[in-house]
Amino acid sequence: MQNTATPTHCPYCALQCGMNLTAAPDGTVELSERADFPVNRGALCGKGRTAPAVLSSSVRLTSPLVRSEDGTLMPASWEEALDRVAEGLGRTRTEHGPDACGVFGGGGLTNEKAYTLGKFARVVLGTSQIDYNGRFCMSSAAAAGMKAFGLDRGLPFPLEDIPKSGCVILVGSNLAETMPPSLRFFNELRENGGTLIVVDPRRTKTAEQADLHLAPRPGTDLALALGLLHLVVAEGRTDEEYIRERTTGWEEARAEALAHWPEYVERITGVSVPELREAVRMFCEPESAMVLTARGPEQQSKGTDTVGAWINLCLATGRAGRPLSGYGCLTGQGNGQGGREHGQKADQLPGYRKLTDPEARRHVAEVWGVDPDSLPGPGRSAYELLDALGTDIRALLLMGSNPVVSAPRAAHIEDRIRSLDFLAVCDVVLSETAALADVVLPVTQWAEEAGTTTNLEGRVLLRRQAITPPDGIRSDLEVMHELADRLGVEKGFPIDPEEVFEELRRASAGGPADYSGITYRRLAEENGVFWPCPTDANSAEAVHPGTPRLFHDRFATEDGRARFVPVAHRATAEEPDDEYPVLLTTGRVVSQYQSGAQTRRVDELNAAAPGPFVELHPRLAARLGAAEGDSLAVISRRGRAVAPARITTAIRPDTVFMPFHWPGEGRANTLTNPALDPTSRMPEFKVCAVRVETVTSPS
């Protein structure tokens with residue numbers, strides 16, 4: 001009898017592309033096209049196409065590991081491993097207090113896991129010290145969106161709206177490599193007569209598709225946006241009726257923009273005045289237009305203000321909250337959106353509720369069956385939590401993250417992790433962080449379990465279980481159930497994902513991210529449902545359709561108006577000087593993903609992207625006396641990384657680029673600056689001062 005294909009979704013980026021999986025008789029998993037899912041329409045990038053390779057027992061963990069007396073990780077039974085974790089966390093809590101226990105999650109965890117992890121931290125451990133690596137993804141865009149619109153959802157419209165718009169400004173995104181299937185929407189935009197403006201210091205594969213490429217100096221996106229808004233005002237292109245009827249705060253924002261005249265912005269950014277004027281013309285002349293940001297402008301110590309400036313540009317021209325127009329953020333991680341909505345973020349409760357809101361605490365506590373006063377307050381943000389390891393935080397439970405590679409100032413964070421009294425890691429593979437753990441718990445992955453994710457559009461999706469996990473593997477939900485039981489909480493931690501989701505629905509009901517009207521059945525039948533999707537309490541039969549498009553009637557503020565937030569350009573936390581005269585920016589390549597913990601285990605992907613490199617301009621290479629492939633040392637105030645030179649005119653002469661997927665001597669995040677945005681607590685991954693030197697081979 002022929003096996004039936006199971007429709008599901010890719011484990012990697014926030015597109016959450018649809019795919020079909022079939023378990024073959026020989027134990028392998030066959031992947032086939034799923035053309036019915038509108039985000040990718042059957043297309044997959046190399047990472048998605050090869051995702052089943054990580055399901056192989058030859059590359060993934062198959063048994064719990066515990067650290068022996070001689071310091072090595074040895075296979076152990078689940079009972080022994082779970083007992084060790086419960087003992088380590090329980091002892092720390094007893095001896096040092098609940099906040100000595102930390103919990104660190106990931107933007108790849110399903111909604112059910114993220115929800116349960118936040119509940120576990122606050123109900124079982126009683127700790128405030130929980131955050132997740134999504135803080136490193138789009139927290140600045142989230143903070144700016146909350147300030148301006150009163151709500152944070154990556155895209156307030158479906159991707160299918162992009163080809164119908166008149167112009168899109170894409171800021172700091174190389175989606176041709178990071179989200180290849182999405183490029184078709186931008187190609188269709190241009191085929192339909194729309195225009196694409198790409199803002200990026202590098203002439204990436206995405207920039208090559210643009211009608212206009214603006215290449216600002218890294219860290220100057222804020223000045224660029226203010227310069228464009230200045231020209232919008234000076235050329236009389238503002239939408240005064242829209243500003244008057246749908247916004248507040250314009251005069252203050254206008255005054256700040258007028259202080260950033262074009263010639264001044266040209267000196268700061270390196271983008272010429274004619275290019276600025278052309279960008280304004282292209283953006284303002286069509287009836288509709290969008291601005292989409294990604295990690296480029298967001299991963300800065302002024303990322304919230306930078307995104308706010310781009311939002312101000314949309315508001316001043318009457319773009320936000322209108323058909324085929326608006327501001328949106330291209331979320332990075334697979335569940336970066338849902339992951340922060342349901343409680344694994346330091347300051348939030350399920351439904352995107354604020355942890356400091358008494359009514360939010362009362363509502364969630366009632367669902368959880370606990371006293372609202374027992375819930376701890378907000379804790380440290382991701383980098384601050386990691387920086388406190390080994391001092392204030394003595395034990396850590398980590399799920400779905402690899403901060404030894406992915407955190408800024410990574411060598412320091414590795415030292416902090418090594419200084420812990422106790423570390424437990426749940427993961428699919430033995431990542432660089434898991435290799436430092438006292439206990440490693442092997443858990444199920446995407447194709448071996450059911451669960452929901454929320455993609456970059458705010459579309460909640462159902463990942464279906466396609467195969468049975470190998471013997472010796474348990475789910476993260478089982479792990480938390482067993483640990484809660486050992487730590488004295490016998491109820492409230494179910495292992496069935498749908499049962500968890502039913503509780504999540506109740507916990508999110510009435511919150512900004514309301515999932516209460518969403519069920520597994522609806523997700524299967526409707527190919528996903530956009531939140532907010534409340535339940536109609538007055539009708540047992542009424543079904544809310546979900547909300548694909550936000551803000552057309554009103555914004556999510558008390559008065560329904562969007563807020564202009566006045567912002568001014570300021571320097572990066574670390575400007576170049578005589579000792580460190582070059583700027584470093586970091587990013588991804590098409591064949592690897594995030595810290596590479598999984599993709600670096602796939603032969604086909606490694607063949608395409610085998611290791612780190614330093615991208616630099618021929619003029620900088622000439623000054624260094626460097627040739628293609630020569631080993632270069634890139635040195636910052638935090639450390640040194642070494643990788644081969646890749647010489648190209650696609651980058652500015654004052655800038656070098658390194659991808660961040662690899663550990664070891666080529667680890668880019670050894671160099672990056674942990675300076676934090678004051679609002680979002682986002683580290684400044686995207687720009688720091690370095691010097692570059694050739695490395696002499698030993699004779």
Side-chain angles (χ1 to χ4, degrees), residues 103 105-132 134-135 139 142 146 151-154 335-379 399-400 451-454 458 460-461 476-477 480-481 484 489 491-494 496-520 523 529-535 537 544 546-547 556:
V103 177
L109 300 180
T110 62
N111 290 317
E112 292 80 1
K113 294 178 185 179
Y115 170 83
T116 303
L117 190 62
K119 182 180 179 181
F120 180 88
R122 296 178 174 106
V123 173
V124 178
L125 297 178
T127 182
S128 66
Q129 301 304 303
I130 174 171
D131 210 72
Y132 83 127
R135 177 79 66 172
S139 57
M146 291 296 292
L151 186 69
D152 157 41
R153 197 181 84 183
N335 198 30
Q337 181 70 52
R340 69 179 178 282
E341 293 169 2
H342 299 300
Q344 68 170 331
K345 194 160 171 274
D347 55 354
Q348 286 175 195
L349 288 170
Y352 221 136
R353 287 181 159 93
K354 293 181 179 178
L355 192 53
T356 54
D357 178 359
E359 176 54 29
R361 294 169 67 87
R362 184 207 61 76
H363 173 87
V364 174
E366 183 177 350
V367 174
W368 288 352
V370 300
D371 184 339
D373 293 338
S374 71
L375 299 177
M399 284 187 176
T452 62
T453 61
T454 307
V460 185
L461 304 166
D476 293 289
L477 295 180
M480 288 183 278
H481 172 88
V489 180
K491 296 181 179 180
F493 289 86
D496 176 60
E498 188 168 6
E499 186 177 347
V500 175
F501 190 79
E502 288 300 306
E503 182 179 305
L504 182 157
R505 292 176 62 203
R506 299 195 303 274
S508 72
D514 191 335
Y515 283 32
S516 62
I518 304 174
T519 64
Y520 271 33
L523 294 177
V529 177
F530 291 84
W531 72 261
C533 183
T535 299
H544 191 284
T547 315

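The figures here come from the full heavy-atom set of this structure, side chains too, leaving out hydrogens, waters and symmetry mates.
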Colleague: Answer yes or no: is there a side-chain heavy-atom contact under 4.5 Å between F120 and L125?
Modeller: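 Side-chain contact under 4.5 Å: yes.
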Colleague: Run L523 and L461 through side-chain contact (heavy atoms from CB on, under 4.5 Å) and show every step you take.
Modeller: CA-CA 6 Å; L523 294 177; L461 304 166; over 6 Å; no
Colleague: With rounding to the nearest 0.5 Å, note down the distance linking CH2 in W368 to CG in L349.
Modeller: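 If I round to the nearest 0.5 Å, the distance is 5.5 Å.
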Colleague: Taking the side chain from E498 and the backbone from Y520, do they hold a donor-acceptor pair closer than 3.5 Å?
Modeller: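 Checked: no pair found.
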Colleague: Counting distance only, does the side-chain N/O of R361 pair as donor-acceptor with the main-chain N or O of L355 below 3.5 Å?
Modeller: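 Pair found, side chain donor or acceptor close to backbone of L355.
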Colleague: Could you tell me which non-hydrogen atom of T547 sits nearest to which non-hydrogen atom of P532, and how far apart they are?
Modeller: OG1-O, 2.7 Å
Colleague: State whether the side chain of R122 and the backbone N or O of I130 hold a donor-acceptor pair below 3.5 Å, judged by distance alone.
Modeller: no
Colleague: How long is the straight-line distance from CZ of R340 back to CG of D131, given to the nearest 0.5 Å?
Modeller: 12.0 Å
Colleague: Kindly compute the distance separating CZ (F501) from OG1 (T116), expressed to the nearest 0.5 Å.
Modeller: 12.0 Å
Colleague: With side chains defined as the heavy atoms from C-beta onward, is the minimum distance between M399 and K113 less than 4.5 Å?
Modeller: no
Colleague: Could you check if a side-chain atom of T535 sits within less than 4.5 angstrom of a side-chain atom of R505, using non-hydrogen atoms only?
Modeller: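 Touching, per the 4.5 Å side-chain cut-off.
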Colleague: Closest heavy-atom contact between S508 and A513?
Modeller: CB-O, 3.5 Å
Colleague: A side-chain contact here means heavy atoms from C-beta on lying under 4.5 Å apart; do P497 and L477 qualify?
Modeller: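 Yes. Closest side-chain heavy atoms under 4.5 Å.
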Colleague: Using a 4.5 Å cut-off on heavy atoms from C-beta on, say whether the side chain of L151 contacts that of Y352.
Modeller: no
Colleague: Taking the side chain from T453 and the backbone from N335, do they hold a donor-acceptor pair closer than 3.5 Å?
Modeller: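 Side chain of T453 to backbone of N335, a donor-acceptor pair under 3.5 Å: no, none is there.
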Colleague: On a heavy-atom basis, which atom in Q337 and which in G154 lie closest, and how many Å separate them?
Modeller: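 In this case the closest contact between Q337 and G154 is OE1-N, 2.7 Å.
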Colleague: Yes or no on side chain to side chain donor-acceptor pair (under 3.5 Å) for Y515 and T452, after CA distance, side-chain angles and deciding distance?
Modeller: CA-CA 11 Å; Y515 283 32; T452 62; over 6 Å; no
Colleague: Provide the closest heavy-atom pair for V529 versus G546 in the form atom of the first, atom of the second, distance.
Modeller: CG1-CA, 4.1 Å
Colleague: In Å and rounded to the nearest 0.5 Å, what is the CZ to CD distance from R153 to E341?
Modeller: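 One gets 9.5 Å once the value is rounded to the nearest 0.5 Å.
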Colleague: So, the side chain of H481 versus the backbone of F493: is there a donor-acceptor pair under 3.5 Å, distance only?
Modeller: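 Side chain of H481 to backbone of F493: a pair is present.
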Colleague: The test is salt bridge (Lys or Arg N to Asp or Glu O under 4.0 Å); show your working for R362 and E366 and say whether it passes.
Modeller: CA-CA 6 Å; R362 184 207 61 76; E366 183 177 350; 2.8 Å; yes
Colleague: How far does CG of L504 sit from OG of S516, to the nearest 0.5 angstrom?
Modeller: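 The CG atom of L504 sits 10.0 Å away from the OG atom of S516.
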Colleague: I need the minimum non-hydrogen distance between W531 and D514, along with the two atoms involved.
Modeller: CB-O, 4.0 Å
Colleague: If you round to the nearest 0.5 Å, how far is NE2 of H342 from OG1 of T110?
Modeller: 10.5 Å
Colleague: Strictly distance-based, threshold 3.5 Å: is any side-chain N or O of Q344 a donor or acceptor partner for the main-chain N or O of G339?
Modeller: yes
Colleague: Between T127 and P376, what is the shortest heavy-atom contact and its length?
Modeller: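 Residues T127 and P376, closest heavy atoms: O-CG, 3.3 Å.
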Colleague: With a 4.5 Å cut-off on side-chain heavy atoms, are Y132 and L117 touching?
Modeller: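 Heavy-atom side-chain distance check fails, nothing below 4.5 Å.
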